[in-house]
Amino acid sequence: MLLQIQNLNVHYQAIHALKGIHLEIKPGERVALIGANGAGKSTLLRAISGIIKPSSGQISYRSPTGDVLLLNEMPPEKIVASGVAQVPEGRQIFSNLSVKENLELGAYSRKGNIHFKQEFEQLFKLFPRLKERLSQNAGTLSGGEQQMLAIARALMAKPQLLLLDEPSLGISPALTQQIFATLRQINEQGVGILLVEQDAYLALENVHRAYVLETGEIKLQGNASDLLKNSEV
Ligand code: ATP
């Protein structure tokens with residue numbers, strides 16, 4: 001197992017946002033978290049990336065070295081360094097820095113020499129649009145391009161698990177399809193993917209398995225093809 005979440009509870013003061021969540025991701029899997037507004041999807045991603053601390057439960061993760069780490073006991077920067085990178089909701093790129101500087105910052109958690117030029121060439125195979133915009137201010141990119149940059153920046157951390165919060169938000173259907181096709185390519189290179197998506201149909205068309213969250217609990221889970229046939233979804 002790449003990631004195993006057991007009996008996870010998260011509270012925001014009096015609000016019980018996640019109630020006894022169990023979730024698993026196998027190596028190389030693409031998994032979606034779907035559910036309505038306020039269901040707890042972003043909260044679950046934030047708990048995995050260490051931005052919020054759960055009140056109880058366990059998040060176990062097998063690092064590239066084979067060690068099993070308890071992410072719920074680690075600070076966010078150690079979690080990134082162990083191979084879990086998040087593309088936050090609303091992208092949160094550094095808009096007054098260039099595309100190049102944003103990409104370089106994506107590698108901040110890595111140690112040793114980084115051959116940026118070679119790595120950028122690899123990234124441009126996935127995101128050709130970023131190539132001619134390398135020196136452009138990130139804030140002047142279109143919404144879709146900013147989403148691409150946010151994903152590319154996360155890849156600079158060399159993750160083996162990529163967490164994405166609503167990559168389709170505010171992006172045209174055509175660009176969304178392109179971004180999902182790129183996510184497939186990234187996944188086929190061996191990166192596990194957990195993505196949050198409000199559009200259940202879009203999510204299920206693009207993942208192997210999914211979990212349906214409702215007011216902090218998992219209501220349904222299964223193969224994408226089975227869930228697509230389920231009228232409750
Ligand atoms: P959306 O699709 O609208 O982003 P979501 O499924 O990602 O929704 P969360 O953002 O995880 O839902 O929120 C789950 C619950 O926790 C909601 O009831 C929300 O109001 C609450 N919540 C989220 N963040 C905080 C916070 N910082 N302080 C207090 N309550 C919060």
Side-chain angles (χ1 to χ4, degrees), residues 3-25 29-59 61 71-77 79-80 84-93 143-144 146-148 150-151 153-154 159 161-173 175-177 179-180 183 192-222 224 227-228 230 232-233:
L3 187 83
Q4 185 162 38
I5 298 181
Q6 287 166 302
N7 203 18
L8 189 76
N9 288 282
V10 172
H11 290 82
Y12 296 108
Q13 287 92 34
I15 296 171
H16 196 175
L18 291 179
K19 303 165 187 162
I21 299 290
H22 293 267
L23 177 145
E24 288 175 351
I25 302 177
E29 238 188 342
R30 290 193 301 276
V31 175
L33 268 178
I34 53 190
N37 281 116
K41 306 181 297 297
S42 303
T43 299
L44 186 48
L45 288 197
R46 282 188 226 124
I48 298 169
S49 54
I51 300 164
I52 49 169
K53 287 294 154 207
S55 28
S56 64
Q58 258 192 6
I59 306 174
Y61 162 74
L71 301 188
N72 49 295
E73 293 176 355
M74 288 165 57
E77 62 277 12
I79 294 176
V80 179
V84 181
Q86 179 164 4
V87 182
E89 188 173 2
R91 309 184 273 271
Q92 298 179 20
I93 50 149
Q146 290 187 17
Q147 184 61 261
M148 291 176 190
I151 298 170
R153 185 182 60 185
L161 177 61
L162 188 61
L163 310 172
L164 297 115
D165 202 340
E166 303 220 29
S168 70
L169 201 72
I171 294 175
S172 73
L175 258 187
T176 297
Q177 288 304 331
I179 284 172
F180 274 92
L183 288 177
I193 288 183
L194 177 63
L195 70 92
V196 158
E197 188 51 69
Q198 268 197 50
D199 182 340
Y201 189 74
L202 175 70
L204 293 173
E205 290 277 278
N206 284 289
V207 295
H208 302 115
R209 280 191 312 117
Y211 293 83
V212 181
L213 264 181
E214 198 180 296
T215 55
E217 290 178 276
I218 289 174
K219 277 285 135 83
L220 284 170
Q221 58 179 294
L227 289 172
L228 270 171
N230 189 320
E232 273 185 81
V233 178

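Every number for a ligand or one of its atoms is a count from 1 in the order of the listing.
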Ligand 1 atoms nearer than 4.0 angstrom to some heavy atom of A36 are 6 (O)
Are S49 and L163 side-chain neighbours, meaning at least one heavy-atom pair lies under 4.5 Å?
yes
Show the atoms of ligand 1 that are less than 4.0 angstrom away from any heavy atom in A39.
5 (P), 6 (O), 12 (O)
Under the 4.0 Å line, does any protein heavy atom show up next to atom 19 (C) of ligand 1?
no
Below 4.5 Å, heavy atoms only, C-beta onward: do V196 and L44 meet side chain to side chain?
no
Assess G38 for proximity to ligand 1: is some non-hydrogen atom of it under 4.0 Å away?
yes
Side chains of Y211 and H22, heavy atoms from C-beta outward: is any pair under 4.5 Å?
no
Give the single entry among L33, L18, T43 that approaches atom 13 (O) of ligand 1 most closely by any heavy atom.
T43
Quick check for you: to the nearest 0.5 Å, what is the distance between L8 atom CG and S55 atom OG?
7.5 Å
Is the shortest distance from atom 7 (O) of ligand 1 to a protein heavy atom below 4.0 Å?
yes
Any nitrogen or oxygen of A17, main chain or side chain, under 3.5 Å from a nitrogen or oxygen of ligand 1?
no
Atoms in ligand 1 with a heavy atom of S42 nearer than 4.0 Å
4 (O), 5 (P), 7 (O), 10 (O), 11 (O)
For atom 2 (O) of ligand 1, which protein heavy atom lies nearest, and how many Å away is it?
K41 NZ, 2.9 Å
Find the distance between CD (E29) and CG (L3) and round it off to the nearest 0.5 Å.
10.5 Å
Kindly give the heavy-atom pair with the smallest separation between P54 and V10, and that separation in Å.
CA-CG2, 3.9 Å
Taking atom OH as the centre, does Y12 end up with more than 12 heavy-atom neighbours from other residues, nucleotides or ligands that are less than 6.0 angstrom away?
yes
Which residue in the set N72, L71, L161 passes side-chain contact (heavy atoms from CB on, under 4.5 Å) when paired with I79?
L71
Counting from 1 in the order shown, the ligand 1 atoms closer than 4.0 Å to a non-hydrogen atom of E166 are 2 (O)
In ligand 1, the atoms that come under 4.0 Å of a heavy atom of Q198 are 2 (O)
Which of the listed options, L169, N37, L213, I15, holds the heavy atom that is closest to atom 1 (P) of ligand 1?
N37
Roughly how far, to the nearest 0.5 Å, is the CD1 atom of I51 from the CG atom of L45?
8.5 Å
Applying a 4.0 Å heavy-atom criterion (strictly less than), which segment of Q13 is in contact with ligand 1: side chain, backbone, both, or neither?
neither
Between CD1 on residue I151 and CG on residue L183, distance to nearest 0.5 Å
4.5 Å
Contact with ligand 1 for G216, non-hydrogen, under 4.0 angstrom
no
Could you tell me the residue and atom name of the protein heavy atom closest to atom 23 (C) of ligand 1, and the distance to it rounded to 0.1 Å?
Y12 CE1, 3.3 Å
Which residue and heavy atom of the protein sit nearest atom 12 (O) of ligand 1, plus the separation:
G40 N, 3.1 Å
